[in-house]
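Residue numbers begin at 1 in each chain, while the letters A, B, ... track the order of the sequences. Please read these numbers as outputs of a predicted model, since none were measured by experiment.
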Amino acid sequence: MTNTVMSYENAAEMGLSAEEFDRVCAHMGRIPNLTELGVFSAMWSEHCSYKSSRRWLKTLPTTGDRVIQGPGENAGVVDIGDGWAAVFKIESHNHPSFIEPYQGAATGVGGILRDVFTMGARPVALLNALRFGAPDHPLTRYLVSGVVAGIGGYGNCIGIPTIGGEVNFNPSYNSNILVNAMAVGLARADRIFYSAASGAGNPVYYIGAKTGRDGIHGATMASAEFNEDAASKRPTVQVGDPFAGKLLLEASLELMDSDSVVAIQDMGAAGLTSSSVEMSAKGGLGMEIDLDQVPVREDGMSAYEIMLSESQERMLVILKPEAAETAREILSKWDLDCAEIGHVTDTGRLVLMKDGALAADIPLAPLVDDAPEYDRPHEQSPALPVIDSGTISTGDSVITVLKTLLASHHLASRRWIWEQYDRDVMADTIASSGGDAALVRVHGSDRGIAVTTDCTPRYVKADPEMGCMQAVAEAYRNISAIGATPIAITNNLNFGNPEKPLIMGQIAGSVTGMGKAAEALGTPVVSGNVSLYNETDGKAIDPAPVVGMVGAMDNVAQSAGIALDTKGLAIFIIGQDEKTNDGWLGCSVYADIMTDNPDAAPPPVDCAIELANGTFVRDQITAGVINAAHDIADGGMLPALAEMILAGGIGADICLPAGGNSHGWCFGEDQGRYLVATDQPDQLKDAAASAGVAATLIGTSGGKALKLTGGDSISIVELKTLHEGWMPDLMAKSPQR
Amino acid sequence: MKVTVTITLKPGVLDPQGRAIEHSLLSLGYQDAKEVSTGKLITLDIDEDDENRARQKVAKMCETLLVNTVIEDYDIHCLVADEGDEA
Amino acid sequence: MKVTVTITLKPGVLDPQGRAIEHSLLSLGYQDAKEVSTGKLITLDIDEDDENRARQKVAKMCETLLVNTVIEDYDIHCLVADEGDEA
Amino acid sequence: MDIAVITFPGSNCDRDIITAVESITGRLPQLIWHKDSDIGKPDLVLVPGGFSFGDYLRCGAIAARSPAMDAVYDHALRGGMVMGICNGFQILIECGLLPGALIRNSGLKFVCRNTRLKTSQTGKAIMGRLEDGEELTIPVAHNEGQFFADEDTLSKIQDNGQIAFTYAATHGEDDYNPNGSALDIAGITSENGRVLGLMPHPERMMSEAVGGTDGRRMLTAIIEASQS
Ligand SMILES: Nc1ncnc2c1ncn2[C@@H]1O[C@H](COP(=O)(O)OP(=O)(O)O)[C@@H](O)[C@H]1O
Ligand SMILES: [Mg+2]
């Protein structure tokens, strides 16, 4: 066994505390060698062990009638009816995308796709939640163009439509962008594959691309003690190969179809380490691997490097012993490497051989079960005052404000981004970017799944618990607004350093809020990811607990879009009564753009109302009463209406309420509301009354402009120029590194 | 002065394109081509007669725009007018 | 023998990328870079010691796969082991 | 009728075109893997879109040199009908079955959006069942779709009536041409009018649910033409 003796210092370089190192030694019964310590440090990293967040994640609701698999597998699985299951997860690639935006984002997409197809599902949709720095920050354009090209580059090439997402710009992300990618797949509910190993003696196969020195933990490798030849072992950026990804996708699905697979897991973060450890530990078994059998791309790779490499497009598979020949045939058809690298044992240990000698021997139970878990001190963010909208309203006309907001970085169209994504490949896209949720059809049927990602960091920063409830509620509204039934969520918790009590307080508050809303709205959390330490020079990002939600509908023909494309429709606000003549401007887009943005509490979320209004809107859509629907979110009612007008090309006449505060009424961000257009106003009103849902008629569709009572108006052409112009103008300036 | 910048991937960085080409050459019957790798070429005309100064200028362009120094290396070749190509 | 193929666009063929780079260089303040054009580099190791034969083989690979001769030109550079780089 | 669809590793629109053909003809087309050199004697060969061989080297370059494409080449020389969509168009150009080149979009970005196509040269062969001047809404999704050819070639394909589809500014948009193609070319045919390549994806416009039926209209006309 290679016996460089590890020290506290080495442990610290790998991110393990002295106390954690003591624990490793106790479990091992000796001082671990480099490879063993590397395995521990990877498995006990924040990324793999969730040591700061686990205590809180345990509080989330994770079960429900439709949940087939909750958190703990590669992705969550829910029943969407008719024997179909949706398999989905979201994952971050924040740091790599800042270092190398194209490859960082591309490999983020590749990684999340593997999480989905490793469960036997064919991926059918990709989404991305992005956070960049201030638009005028010198790095922003370079990062935006690289990240967007990388996401498109991978998704377009592998042939899976990228159909939704969200983008925020805020200076807190100047040096720490967020790149979260979500993938959704479809499988037959009775053909889901899991990662738990079984059957001692079963062969362990490595399939996919060769292993190189990609993405090996930087801090570790920079340390001279660990290598004689530092330059040649320099950690390298992971490069995505979507073509290899496509081959791996097809080969894996074919392999799973061929009835050869006992268990399968992709090699994601911490590569061969996490896949081998998790597969064997989940099955309560052990594994012996001969690292000399691992297909490598470079000469002289050490056991440590092979175990910790994050080369892309690789899978670990436990095969039925009799299936070896079938597997080889399938892999060779797809021109992929395939090697038997070991077997399952019943020893409960991970044994690694290299150059014919023992390279590591680790007891798995403590490695997995005794991973550190911390109850870190947490402090609540101070409550912010509720601000009366009257105190921050400006004297500008409503149309002037609308123009300013629509052309602001908050609300301007993201077309520049999503036109770079193939949204139509697979030919089942019913709705994609530009509306609320996106909708894809289950191939060969009328059934659809609706997907969205949402989070408003502004709210979360102001009030983590309420802000995260809002993220769930907004996702719920987006799914409902297209006519689908929300089913379950995945989430990506992006925060700063959890060792700071205020940050830990944001995490605790957010998870609490997410749990409450998920429970109340009947959308359990089935998968997720945590990305902590998003800080630069001690300054944390604005917290971003991104929520990805999946919903389902029986017949996509019954869905509604946001487009106001018919004259003479009655336009209602659902979730707001006729007496309301003001709105919540604190913590709004309006406050950010039009005022000096005083600290203020975000709009409160009432889940009971969300549930009632969402159910009402969905029911009226499927009943054919609603012609177009859009949830009211960032920016408030009037920008939402403008988006409907822009999407459909028909204008509207809107009646402002008498008295009150027109800015609050037009731009307030009160929750639980939708704009709907209908050609059956009486029916809608009656249905609302009997459902106990507030519905207020505010105007009629028609014409080529948005007109307000009193004569103020703006043409669709002008609206379009403002809304569509901002991002192309920004990106037309040259990028700079 | 005409300047050519050759940009190649740093050692160890995956070159999927190179691999695909190698594979294709193989299946077209070119068995003896190995270690295929790909790179980029940028040529430009720079308003500068002194080779050293030209190099310096172009190096700056490489660092700020032309090259992704996280994964790429570059070489600058100046075509000195009266001398012919320079290695 | 190590061989490098440089592939450039034929005169008259549009080079949108080259134009964009030139534009970016300009707006970054590099006023004196002109006529930016882009190309490709393919290096490979060929199992052949004789330079002429190596060139011939690689030329064939260029004609059949590596180069789109409708829009691209190519040059073959052999790195002769004992001589260093060859222009 | 006999329709063949050629697939390569990385052709990701193969399922889409297969589904489209099946929904028009009621029959699954014959699937041909790139390593097969026997494609039979189909009435129509379809080369689907996607990223064959990852689009590495040049789009379509590696696929164009596959055994199946050698057979398609011979099929076309014998007067057989062939249609290539998007990456399939790039492959047909790389094979030398169609003139010109498809280079990087003028905007240097991948572009996915609906385009208006104007149909022309409909009198003959593969275009025979489409109407001259007919406008269709079909989406594009590509990075290298800018049609380029030297002046001589351009005037030759114009004179020969090889321009089959052009991007049209129906509503006076100034960005109607999504990639900067010369003469707004979206699709061309071979001299004999029997080989067609186009960048837009008709197989993605097969029903109102997905945004329209103009793709069905186009594919139906082409399949019918291959029967006559
Ligand atoms: N990064 C992105 N990728 C793809 N689509 C995006 C992206 N950002 C925004 N979109 C799309 O733009 C539209 C508007 O986004 P957003 O304002 O965040 O919607 P909402 O407020 O309804 O959640 C949505 O359809 C969304 O899917
Ligand atoms: Mg919405």
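Side-chain contact check for D/Tyr56 versus B/Pro16: some heavy-atom pair is nearer than 4.5 Å.
Counting non-hydrogen atoms of other residues, nucleotides and ligands closer than 6.0 Å to CD of D/Glu22 gives a total above 12. Atom NZ of B/Lys60 has 12 or fewer heavy atoms from other residues, nucleotides or ligands within 6.0 Å. Around CZ of D/Arg104, the count of heavy atoms belonging to other residues, nucleotides or ligands within 6.0 Å exceeds 12. By the neighbour-count criterion of 12 heavy atoms within 6.0 Å, atom NZ of D/Lys124 is densely surrounded, having more than that number from other residues, nucleotides or ligands.
Checked by atom type and distance alone, the side chain of B/Gln17 pairs as donor or acceptor with a backbone atom of D/Leu57 at under 3.5 Å.
Taking NZ from D/Lys35 and OG from B/Ser27, the interatomic distance works out to 8.5 Å, rounded to the nearest 0.5 Å.
Of all non-hydrogen atoms in B/Ser24 and D/Ile62, the two that sit nearest each other are OG-CG2, 3.4 Å.
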